[in-house]
Amino acid sequence: MTSPHHHSPGGTRPDGRPSPGARLLGPAIARAAARAAAPGGLRFTERQLYYATCRVLSPGSALLRRLPRTPAPPLRLTAFTRALDARGRHTVEGLLPPVPPGTGGVYAVHDGDGKGDGDGEGTSEPDVYAYGLPRLLVCQDPSIARMLLANHVHLEAACPVLTAVDALPLDPRLTAALERAGGATVHVLHDASPSGLALPARIRAALGPVPGVRVSSMGLVPRHVAALRLPSGRGPVPGPVLGTGLPPGLRHAEARWLARGRFAEVAAVPPARLVRTVLRVTRGSRPPRASLRRDLRGLRDTGFLTWPSA
């Protein structure tokens, strides 16, 4: 998913030396990396670092941060990439390497030494299928799945992680493990985009009539993109989006926002907020507030309702 961004200088000169724009972006990238890693040395993806750099470049006032809106990124993605190349990715502490093409699989709650995979690499674990699975997290973005694993979220939440590309079609052994647990929940973490919002319904359809297994969207949806003031992109106009597998609780204004080609990525959420929200939702410690039930009846099982206050 791509979108045009505001122009910003960056890159290298013909002689290979960093351009003035790239040198100016270097300190912003350094500050963004420090913020993305806080607290406690979190690992983060290149896309998360890009959005963190956007926040450094446009901090805004305290008053403006309270006004719901979906601003465009202040930095062109290609300019950021050129500046990062000029700086050297290896110099950015905490930055995860790209996900290799075709990487995926079920990520077990424990590995051989019980410590998890520090670099986010996961391997298929047959033992996952041998027991009941009370909860499972499916991520639309493989890079976000890798980031959560690198920060040991699967260990703290006792929740295996599966990328969306691996979730469909679902492995029959995985379906059986979910049913065996009784009252299991499949949490789906997705972008605020037509394809992202339709993903929970696709997973629900892939599960079929499995007794006791619930599919719960963790977000994002457009209203929370606005509440969190996340940068949004603009892609090709998809046309009408209502009645295409999107949540029934989606407001008409949100459907119009999507129909204009607008979208926002989970990667735009600050890493610490993302980790906190995923842990809280998968642990099931905060149910939806009663005051929202009527308005958001179609979304009342979704943990992302708590994102703006995370």
Side-chain angles (χ1 to χ4, degrees), residues 99 103-111 114 116-117 120-191 195-221 245 247 266 269 274-288 299-307:
V99 175
T103 297
V106 173
Y107 295 82
V109 175
H110 301 290
D111 64 5
D117 297 310
E121 292 286 356
T123 55
S124 181
E125 293 284 351
D127 286 347
V128 169
Y129 304 115
Y131 306 97
L133 281 180
R135 50 190 168 270
L136 175 70
L137 175 61
V138 178
C139 297
Q140 181 184 12
D141 184 349
S143 296
I144 292 296
R146 183 182 184 128
M147 176 264 182
L148 295 174
L149 290 162
N151 291 298
H152 308 295
V153 170
H154 60 306
L155 298 177
E156 293 189 44
C159 180
V161 177
L162 190 68
T163 61
V165 70
D166 298 301
L168 299 171
L170 284 169
D171 190 310
R173 297 173 299 168
L174 186 61
T175 304
L178 290 167
E179 184 177 5
R180 195 178 299 122
T185 300
V186 178
H187 298 280
V188 185
L189 180 61
H190 57 80
D191 295 336
S195 60
L197 286 161
L199 182 58
R202 291 176 58 205
I203 293 175
R204 189 175 294 110
L207 270 172
V210 181
V213 179
R214 181 172 65 102
V215 177
S216 176
S217 169
M218 194 179 290
L220 295 167
V221 295
V266 169
V269 178
L274 177 63
V275 168
R276 288 197 307 267
T277 301
V278 170
L279 285 174
R280 183 179 61 246
V281 174
T282 52
R283 288 168 174 170
S285 61
R286 188 174 182 178
L299 300 176
R300 61 186 173 186
D301 289 334
T302 56
F304 61 79
L305 295 178
T306 61
W307 279 64

Any side-chain heavy atom of [X] within less than 4.5 Å of one from [Y]?
X: L207; Y: L178; value: yes
X: V186; Y: L162; value: no
X: E156; Y: R283; value: yes
X: I144; Y: L274; value: yes

Considering all heavy atoms of both residues, which atom of [X] and which atom of [Y] are nearest to each other, and what is their separation?
X: L220; Y: L197; answer: O-CD2, 3.5 Å
X: R135; Y: T282; answer: CD-O, 3.2 Å
X: V266; Y: G219; answer: CG2-O, 4.5 Å
X: A145; Y: T163; answer: CB-CG2, 3.9 Å
X: P160; Y: L136; answer: O-CD1, 3.6 Å
X: H187; Y: V281; answer: CE1-O, 3.7 Å

If the test is side chain to side chain contact (heavy atoms under 4.5 Å, CB included), which one of L133, V213, L170 qualifies with T175? L170
Closer than 3.5 angstrom, by distance alone: can the side chain of D171 be matched with the main-chain N or O of R173 as a donor-acceptor pair? yes
Looking only at atom types and distance, does a side-chain atom of E179 sit under 3.5 Å from a main-chain N or O of V210, one as donor and one as acceptor? no
Atom CZ of R204 with >12 non-hydrogen neighbours under 6.0 angstrom: yes
Set out, in order, the CA-CA distance, both residues' side-chain angles and the distance that settles side chain to side chain contact (heavy atoms under 4.5 Å, CB included) for L168 and L199, then state yes or no. CA-CA 10 Å; L168 299 171; L199 182 58; 4.1 Å; yes
Taking it one step at a time, do V138 and H190 satisfy side chain to side chain contact (heavy atoms under 4.5 Å, CB included)? CA-CA 8 Å; V138 178; H190 57 80; over 6 Å; no
From S216 OG over to I203 CD1, what is the distance, rounded to the nearest 0.5 angstrom? 11.0 Å
So how far is it from S195 OG to R202 CZ, rounded to the nearest 0.5 Å? 8.5 Å
